[in-house]
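Below is one structure, written out as structure tokens; the observations come after it.
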Number of protein chains: 2
Amino acid sequence: MDRQTKQRRIETYRRRCREGGLPLTEQRMAVLEAMLDLDDHPTADRVHDVVARRDSRVSRATVYRALESLARIGVITKACHPGKAVRYDSRTETHHHLVCLRCDAIIDVTDDRLDALPVPDTSSYGFVVSDLRVQLRGVCRRCRELEETS
Amino acid sequence: MDRQTKQRRIETYRRRCREGGLPLTEQRMAVLEAMLDLDDHPTADRVHDVVARRDSRVSRATVYRALESLARIGVITKACHPGKAVRYDSRTETHHHLVCLRCDAIIDVTDDRLDALPVPDTSSYGFVVSDLRVQLRGVCRRCRELEETS
DNA sequence: TTAAGTGCAAAAGCTTTGCGGGTAG
DNA sequence: CTACCCGCAAAGCTTTTGCACTTAA
């Protein structure tokens with residue numbers, strides 16, 4: 001992510017915190033920065049690795065709590081995936097994912113036709129939809145190559 | 001799921017096992033039956049609860065292993081979701097999900113327009129898509145009602 | 001000042017694995 | 001017979017929590 005975009009995202013975060021009356025701490029800022037630097041839908045643990053490399057005093061619990069609160073105020077999102085550890089996504093606008101069913105990799109993909117998809121009426125379920133996302137499930141390049149050589 | 005459909009699914013399973021050279025054990029059969037009876041995308045632990053209620057000798061490890069092998073041969077699938085425990089889906093044909101971002105509930109939804117969506121070309125990613133699924137993320141009826149009363 | 005966040009360590013929840021024994025084919 | 005599966009228990013990984021202390025506003 002380029003420097004300017006990153007700066008803008010951080011400003012958004014500051015503003016949301018002021019609005020919500022949340023103290024803006026160094027640790028949460030570090031977690032947000034790590035998320036913006038990582039563009040591969042990391043687990044909480046991987047975010048902790050990155051944060052701890054820059055400041056080894058930040059605890060794992062703080063990273064878990066920070067990611068949860070960032071997601072709650074909508075500065076980051078949780079990604080849908082078939083695996084066992086929660087995956088966070090620094091992008092909040094609508095976009096779509098390639099999901100590898102072998103290695104659980106998540107790859108961003110944009111497609112005008114997918115973006116133009118109308119949200120179906122789900123009122124009969126009593127369900128209020130906030131966002132529509134398409135998942136293209138399959139096998140990524142690396143996993144296919146690994147299978148070929150075996 | 002009606003009796004006839006269930007019987008058909010079990011036959012499919014027997015056939016796939018014969019084809020793949022996998023022994024067909026009582027325990028795996030019990031896990032498959034539990035999945036077919038549960039229609040709410042359960043976690044492995046919930047499947048174990050159901051299986052154990054019918055035969056308390058079936059261990060948790062066996063249920064985890066059985067679900068994994070059923071998914072590997074394609075008799076069930078893993079569902080994409082934002083939570084922390086793996087969720088299994090007894091449906092294997094393409095369908096779509098409402099995903100509650102509050103309680104992680106997953107609700108099946110079918111929509112002709114969504115089903116008709118063409119799979120975008122992902123060859124530039126080296127990614128081979130096996131299936132396209134739409135997730136409508138939002139808040140389910142129960143969670144909205146809970147929020148209103150609080 | 002004070003409400004909220006933090007670090008630590010322990011607990012809790014989810015999943016895998018090693019191993020001796022069992023079973024389908 | 002033989003490869004694969006099972007139950008058990010232990011280990012491993014992921015996430016949450018209680019508590020005393022710190023900090024942003």
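Here is how names work: the chains are called A, B, and so on, in the same order as the sequence lines, proteins then strands, and each is numbered from 1. None of the values given here were measured: they were computed from a predicted structure.
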Taking atom [atom2] of [N] as reference, at what distance in whole Å does atom [atom1] of [X] sit?
| X | N | atom1 | atom2 | result |
| --- | --- | --- | --- | --- |
| B:Met29 | C:dA24 | CE | P | 12 Å |
| B:Arg60 | C:dC14 | CZ | P | 9 Å |
| B:Glu19 | C:dG25 | CD | C1' | 16 Å |
| A:His48 | C:dG7 | NE2 | P | 9 Å |
| A:Asp104 | D:dC13 | CG | P | 16 Å |
| B:Lys78 | C:dT15 | NZ | C1' | 11 Å |
| A:Leu24 | D:dT22 | CG | P | 21 Å |
| A:Glu26 | D:dT23 | CD | C1' | 10 Å |

(Q) B:His95 vs B:Val109, test: side chain to side chain contact (heavy atoms under 4.5 Å, CB included). Steps then yes/no. (A) CA-CA 7 Å; B:His95 64 292; B:Val109 61; over 6 Å; no
Q) Toward the 5' end of DNA chain D, which comes first, B:Ser56 or B:Gly83, by nearest nucleotide? A) B:Ser56
Q) Starting at the 5' end of DNA chain C, which residue's closest nucleotide do you reach first, B:Arg87 or A:Ala66? A) A:Ala66
(Q) Go nucleotide by nucleotide along DNA chain C from the 5' end; which of A:Gly21 and A:Ser59 gets its closest nucleotide reached first? (A) A:Gly21
(Q) Is it the case that the side chain of A:Gln135 and the backbone of A:Cys80 share a donor-acceptor pair, with hydrogens and angles ignored and the cut-off at 3.5 Å? (A) yes
Nucleotide nearest [X] (side chain, heavy atoms from C-beta), chosen from [options]:
| X | options | result |
| --- | --- | --- |
| A:Pro23 | D:dC6, C:dG25, D:dA24 | D:dA24 |
| B:Ala85 | D:dT15, D:dC5, C:dT15 | C:dT15 |
| B:Tyr64 | D:dC6, C:dC14, C:dT6 | C:dC14 |

Below 4.0 angstrom from OP1 or OP2 of [N], is there any side-chain N or O of [X]?
| X | N | result |
| --- | --- | --- |
| B:Arg57 | D:dC6 | no |
| B:Gln27 | C:dT23 | no |
| A:Thr25 | C:dT6 | yes |
| A:Arg28 | C:dG5 | yes |

Q) Looking at A:His41 versus A:His97, is the centre-to-centre ring distance below 6.0 Å? A) yes
Q.
With heavy-atom distances below 4.5 Å as the criterion, would you say the side chains of B:Leu36 and B:Glu33 are in contact?
A. no
Q) Is the closest side-chain heavy-atom distance between A:Pro120 and B:Leu114 below 4.5 Å? A) yes
Q: Look at the side chain of B:Arg18 and the base of C:dG25, then say whether one donor and one acceptor between them are separated by less than 3.5 Å.
A: no
